[in-house]
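Before any comments, here is the structure.
Hydrogens, waters and symmetry mates play no part in the numbers below; they use all other heavy atoms, side chains included. Protein chains get the first letters and strands the later ones, always in sequence-line order, with residue 1 at the start of each.
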2 protein chains.
Amino acid sequence: MKKFKAHTSTCPIVHTMTYIGGKWKPIILGRLVNGAVRFGKLAVQIPDISRKILAEQLKELEEDGLIIRHSYNEKPPRVEYELSGIGQTVIPVLMAMTELGSEMHEAITKHKRSVTRAH
Amino acid sequence: MKKFKAHTSTCPIVHTMTYIGGKWKPIILGRLVNGAVRFGKLAVQIPDISRKILAEQLKELEEDGLIIRHSYNEKPPRVEYELSGIGQTVIPVLMAMTELGSEMHEAITKHKRSVTRAH
DNA sequence: CAGTTTTAGTTACTTTATGAAACTAAAGTA
DNA sequence: TACTTTAGTTTCATAAAGTAACTAAAACTG
């Protein structure tokens, strides 16, 4: 996703999308709501994300200050990610998305069936 | 954005992202909260979106049943888009994003300045 | 009447993002 | 010695988003 020009915009939703608009970011953040999680565990818990994209998105989230990366100097490596203070301000959005998800998925599935039938 | 495999997922946030995860979709929906808006007005109000992408995203939103397209048979054409019932269920997410936006933008700007100074 | 304006798109082409698969380092274990 | 474990990285392929120019058809302008 090409970066928005957040500084030139006055629309708050554009700002939000600038920071959590990546395809996987809300899903990653959602996994961190209950505490720190290791890289490998995120890769397993999030269906269909590739390790490359996971690593990229985590790096962006860290650079924006939404998450904190804890690297323990061990071999094999152990790295944990957790929400920062800024990251926690996103929780209301994540909750709203969580509440919406199943409900909307059902409604849209039904809608599409009816449209198909009406052909 | 490659489509999620919504049907194979049980994570509600994945479902939400399936339908409103497109880069511009929350921004478009946010413009429709206060009533129907014409295509051209959306193009003007949303900074930096191209007409091609706008048209594409509107078509997807319509196919998913989030918005309704009203085409008046006039020349030059007049087309309005408005939120459907399903689309209105997204409003809480849009509100949360709106509340978060400016606040988070400020916090992240400050965060990035402090990181830069600490080099 | 020829030429301009208006609107909601579309078309062809370029640039970014995202994805899949294989690969790496370094210590612990069999 | 060979195998396992972990957090990535690298290379190459595909999909999404962006740019600019173009279209149709009626109404308006001179």
Contact residues, residues 34-45 of chain B to DNA chain C [heavy atom, < 4.0 Å] | Arg38(B), Phe39(B), Gly40(B)
What nucleic acid atoms does Gln57(A) come within less than 4.0 Å of, heavy atoms only: base, sugar-phosphate, or nothing?
-> sugar-phosphate
If a pair satisfies ring pair (Phe, Tyr, Trp, His ring centres under 6.0 Å) and one of its residues is in residues 80-100 of chain B, list it, with sequence neighbours excluded.
-> none
Sort and list the pairs that fulfil ring pair (Phe, Tyr, Trp, His ring centres under 6.0 Å) and have at least one residue in residues 21-68 of chain B, not counting sequence neighbours.
-> Phe4(A)-Trp24(B)
Which residues pass the side chain to side chain contact (heavy atoms under 4.5 Å, CB included) test with Ile68(B), sequence neighbours left out?
-> His70(B), Glu82(B), Ser84(B)
Looking only at side-chain N and O atoms, does Lys59(A) come under 4.0 Å of OP1 or OP2 in dA7(D)?
-> no
Tyr72(B) vs dA26(D): side-chain N/O to OP1/OP2 distance below 4.0 Å | no
Give the B/S/- string for nucleotides 21-30 of chain C, one per nucleotide from 5' to 3', where a protein heavy atom under 4.0 Å of the base yields B, of only the sugar-phosphate yields S, and otherwise -.
-> -----SS---
Just wondering, are more than 12 heavy atoms of other shown residues or ligands nearer than 6.0 Å to CD in Glu106(A)?
-> no
In Å and rounded to the nearest 0.5 Å, what is the CD1 to CG distance from Ile13(A) to Leu100(B)?
-> 10.5 Å
Measure the spacing between CD1 of Ile49(A) and CG of Leu54(A) and express it to the nearest 0.5 Å.
-> 4.5 Å
side-chain hydrogen bond (donor to acceptor under 3.5 Å, both in side chains): pairs with one or both residues in residues 54-68 of chain A, sequence neighbours excluded = Lys25(A)-Glu60(A), Asp64(A)-Lys112(B)
Provide the Watson-Crick or G-U wobble partner of dC1(C), both distances under 3.5 Å; none if there is no partner.
-> dG30(D)
